[in-house]
Amino acid sequence: MKKLAIMGAMQEEIEPLLAYFENVKVTEFAKNKYYEVNYRGLDIVIAYSKIGKVFASLTASTLIEKFGCDTLLFSGVAGAINPELKIGDLIIADKLCQHDLDITAFGHPHGFVPEGAVFVETSSQLREVAKEAANENGLKVIEGTIATGDQFVHSSERKDFIESTFKADALEMEGASVAVVCDALNVPFFILRAISDSADMDAGFDFDEFLKSSAKESAEYLIKIVDKLI
Ligand code: ADE
């Protein structure tokens, strides 16, 4: 690994990282800010994309193609589907899908377009390092499927559809698009999330209440993983 990218979607998701690292150099590009640091000899570029798959794809592509990052770690919050996941709990994706990608009218399965795949897998090596870091620090982390879509899910109908169609454990709005970019560009990556809500009718309220604390849980764990990667 020569240069590491760390991505979030919202300012709150990268704020704890920017507070942790020193001597941050800011570069503006494509209506976004990129924060460059050197941490224990490793060059790291940090950015938040803004919410949703399009902005996340742009930022992931920029981190890789413009800044030359060769590994990408995503940190942020998600809505829980798996009832074992409570607010503040950690999930690392083994694979991701786009729950709102739908050309079923032409006989294709949900989440599939020709020459693509329903699921994109994350790097098993990075997941192993993440699991070691969790064990060493007494953290519980679930490995599972994350479903991504350009919708804040706050109803049991939509949640049930995503659960039954993709067997997903959690949902959010960026991971699978980052996965598609990293997979296409051959960059090992993982998607880490801490639960902020349960994607039910209380989700909007819970999200506002727990965004900051859950984003911090995810970011603090991510720093432990980075320490192991160096
Ligand atoms: N990220 C966190 N909670 C979410 C939800 N309920 N829907 C979509 N993205 C989320």
Side-chain angles (χ1 to χ4, degrees), residues 6-17 46-60 72-102 110-111 118-120 122 140-181 189-222:
I6 305 179
M7 240 189 102
M10 301 174 72
Q11 172 129 36
E12 288 85 346
E13 291 172 327
I14 66 158
E15 199 64 59
L17 298 166
I46 304 163
Y48 76 92
S49 56
K50 299 187 278 288
I51 295 166
K53 293 193 293 179
V54 174
F55 284 132
S57 307
L58 172 62
T59 300
L72 187 150
L73 310 179
F74 191 106
S75 174
V77 302
I81 299 177
N82 182 336
E84 268 187 49
L85 286 168
K86 308 292 183 210
I87 287 168
D89 286 356
L90 297 162
I91 174 164
I92 185 155
D94 53 7
K95 60 185 190 304
L96 299 103
C97 60
Q98 299 180 62
H99 67 73
D100 59 348
L101 186 57
D102 183 349
H110 283 281
V118 175
F119 293 102
V120 179
T122 60
K140 186 183 155 221
V141 53
I142 282 187
E143 215 176 337
T145 301
I146 292 183
T148 301
D150 283 325
Q151 310 167 340
F152 183 84
V153 177
H154 59 117
S155 80
S156 47
E157 288 78 23
R158 187 67 195 165
K159 191 176 152 176
D160 290 348
F161 164 79
I162 295 167
E163 206 282 317
S164 57
T165 310
F166 301 102
K167 305 277 169 273
D169 297 285
L171 54 85
E172 35 83 311
M173 302 180 68
E174 297 82 19
S177 59
V178 172
V180 169
V181 168
F189 72 99
F190 75 47
I191 309 288
L192 165 67
R193 299 276 187 173
I195 300 302
S196 57
D197 60 84
S198 296
D200 53 13
M201 56 189 243
D202 296 326
F205 177 85
D206 287 344
F207 182 88
D208 282 342
E209 186 78 10
F210 298 109
L211 165 62
K212 268 200 181 166
S213 56
S214 293
K216 193 159 173 275
E217 293 288 335
S218 179
E220 284 174 355
Y221 174 36
L222 185 121

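Every number for a ligand or one of its atoms is a count from 1 in the order of the listing. All values below were derived from every heavy atom in this structure, side-chain atoms included, with hydrogens, water molecules and symmetry-related copies excluded.
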Checklist line | Under-4.0 Å heavy-atom contact with ligand 1, by part of Gln151 that carries it | finding: backbone
Notebook entry, point to check: Taking the side chain from Asp150 and the backbone from Lys53, do they hold a donor-acceptor pair closer than 3.5 Å?
Noted result: yes
Check: Can you list the ligand 1 atoms lying under 4.0 Å from a non-hydrogen atom of Ser196?
Finding: 2 (C), 3 (N)
Check: Nearest 0.5 Å, what's the CG-CD distance between Asp169 and Glu143?
Finding: 10.0 Å
Notebook entry, point to check: What atoms of ligand 1 come closer than 4.0 angstrom to any heavy atom of Val153?
Noted result: 5 (C), 6 (N), 7 (N), 8 (C)
Item checked: atom 3 (N) of ligand 1: the protein heavy-atom neighbour that sits closest, reported with distance to 0.1 Å -> Asp197 OD2, 2.6 Å
Next item on the list: Over all heavy atoms of both residues, which pair between Ala56 and Val178 is shortest? Give the atoms and the distance, please.
Entry: CB-CG2, 4.0 Å
Note to self: Closer than 4.0 Å to some heavy atom of Leu171 - which atoms of ligand 1 meet that?
What the structure shows: 5 (C), 6 (N), 7 (N), 8 (C), 10 (C)
Check: Near Lys50 NZ, under 6.0 Å, is it more than 12 heavy atoms from other residues, nucleotides or ligands?
Finding: yes
Check: Quick one: does Met173 get within less than 4.0 Å of ligand 1, heavy atoms only?
Finding: yes
Note to self: As an exercise, identify every atom of ligand 1 less than 4.0 angstrom from a heavy atom of Ala199.
What the structure shows: 6 (N)
Checklist line | Those atoms of ligand 1 less than 4.0 Å from some heavy atom in Phe207 | finding: 2 (C), 3 (N)
Next item on the list: Check whether any side-chain heavy atom of Ile195 sits under 4.5 Å from a side-chain heavy atom of Lys86, and report yes or no.
Entry: no
Margin query: Surrounding OH of Tyr221 (heavy atoms of other residues, nucleotides or ligands, distance under 6.0 Å), is the total greater than 12?
Written below: yes
Notebook entry, point to check: Do Phe207 and His154 have ring centroids that are under 6.0 Å from one another?
Noted result: no
Checklist line | Any N/O pair Phe152/ligand 1 closer than 3.5 Å | finding: no
Checklist line | Option set Ala78, Ala80, Gly149, criterion heavy-atom distance to atom 1 (N) of ligand 1, minimum | finding: Ala78
Check: So, for Ala170 and Ile91, which heavy atoms are closest and what is the spacing to 0.1 Å?
Finding: CB-CD1, 4.0 Å
Note to self: Below 3.5 Å, N or O to N or O, backbone or side chain included: is there any such pair between Glu172 and ligand 1?
What the structure shows: no
